[in-house]
Amino acid sequence: DFSAASIRAARAALALLEPSADAPGLLCLVHVRSPLDDRYPVPASWLGEYESDVGGMFARLRDLLRPHLPDDVTLETRLRTGGVCDAVLDVARELHADLVAVGTQGPGWLERLMLGSVAADVLR
């Protein structure tokens with residue numbers, strides 16, 4: 001979601017990568033668009049604008065991560081639509097990921113109880 005928590009999660013994942021000559025590192029950043037956006041008709045220009053905005057946010061995030069990115073690590077981005085947990089895990093499966101890092105924004109226990117947490121869902 002490009003929040004400070006997601007940036008911290010990306011930096012933590014970078015710190016945990018151990019690329020080698022046999023297995024170069026890959027950090028894949030995933031942004032998930034709500035499936036509700038597909039249920040209601042919106043002008044095509046809005047979708048193009050959204051994707052352009054997400055592309056700009058990915059570019060800013062790449063710039064923030066670049067100083068921490070080793071030469072033998074590739075940075076990729078993915079834009080998916082659907083449930084956040086399912087989309088993140090689908091990408092992890094596609095890439096045969098060894099690690100999934102998810103940031104949490106620290107909602108209180110009542111909010112987590114009522115709404116849940118993406119990080120907790122991914123962990124489960």
Side-chain angles (χ1 to χ4, degrees):
D1 62 0
F2 304 101
S3 66
S6 66
I7 295 167
R8 285 190 301 273
R11 289 184 64 188
L14 265 177
L16 292 171
L17 281 174
E18 294 180 355
S20 67
D22 297 334
L26 170 66
L27 177 65
C28 183
L29 306 172
V30 180
H31 176 74
V32 184
R33 186 170 68 92
S34 170
L36 294 177
D37 295 345
D38 291 335
R39 292 186 183 181
Y40 303 100
V42 296
S45 63
W46 288 9
L47 291 177
E49 200 172 310
Y50 174 84
E51 289 178 8
S52 174
D53 288 346
V54 169
M57 289 185 280
F58 270 137
R60 284 190 293 277
L61 185 50
R62 273 190 216 97
D63 289 343
L64 285 171
L65 295 174
R66 189 167 289 120
H68 309 282
L69 192 67
D71 293 336
D72 52 356
V73 173
T74 302
L75 180 60
E76 293 183 1
T77 58
R78 301 275 195 288
L79 175 58
R80 296 293 171 96
T81 300
V84 177
C85 180
D86 290 337
V88 168
L89 292 176
D90 286 346
V91 171
R93 284 184 202 101
E94 289 169 17
L95 297 173
H96 305 284
D98 294 323
L99 171 73
V100 175
V102 180
T104 62
Q105 297 187 34
W109 69 271
L110 182 60
E111 186 177 346
R112 270 198 200 134
L113 179 66
M114 302 300 280
L115 301 175
S117 158
V118 170
D121 289 346
V122 168
L123 183 60
R124 279 189 222 109

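Keep in mind that the numbers below use all heavy atoms, side chains included, and drop hydrogens, waters and symmetry copies. Remember, predicted model here, so these are calculated numbers, not experimental data.
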Quiz item: Taking atom CG of Asp98 as the centre, does the number of heavy atoms from other residues, nucleotides or ligands within less than 6.0 Å exceed 12?
Solution: no
Self-check item: Same cluster (ILVMFWY, side-chain, under 4.5 Å), Leu65 and Leu16
Solution: no
Quiz prompt | Distance-minimising heavy-atom pair for Ala13 and Leu27 | solution = CB-CD1, 3.9 Å
Practice problem: Starting at CG of Leu61, measure out to CZ of Arg66 and round the result to the nearest 0.5 Å. | Solution: 10.5 Å
Self-check item: Spacing of Arg33 atom CZ and Leu79 atom CG [to the nearest 0.5 Å]
Solution: 7.0 Å
Exercise. May I have all residue pairs that pass side chain to side chain donor-acceptor pair (under 3.5 Å) and include part of residues 9-30, sequence neighbours excluded?
Key: Arg11-His68
Quiz item: Salt bridge or not for Arg60 and Asp63, using N-O below 4.0 Å?
Solution: no
Quiz item: Rounded to the nearest 0.5 Å, what separation is found between the CG atom of Leu64 and the CZ atom of Phe2?
Solution: 11.5 Å
Practice problem: Tell me, please, which residues at least two apart from Arg78 pass side-chain contact (heavy atoms from CB on, under 4.5 Å). | Solution: Cys28, Val30, Glu76, Arg80, Val91, Leu95
Quiz item: Does the side chain of Val32 reach to within under 4.5 Å of the side chain of Cys85, using non-hydrogen atoms?
Solution: no
Quiz item: Taking all non-hydrogen atoms of both residues, which atom of Leu26 and which atom of Val73 are closest, and how far apart?
Solution: N-CG1, 4.3 Å
Quiz item: Any side-chain heavy atom of Val84 sitting closer than 4.5 Å to one from Asp1?
Solution: no
Practice problem: Compare every heavy atom of Gly25 with every heavy atom of Pro19, then report the nearest pair and how far apart it is. | Solution: CB-N, 3.3 Å
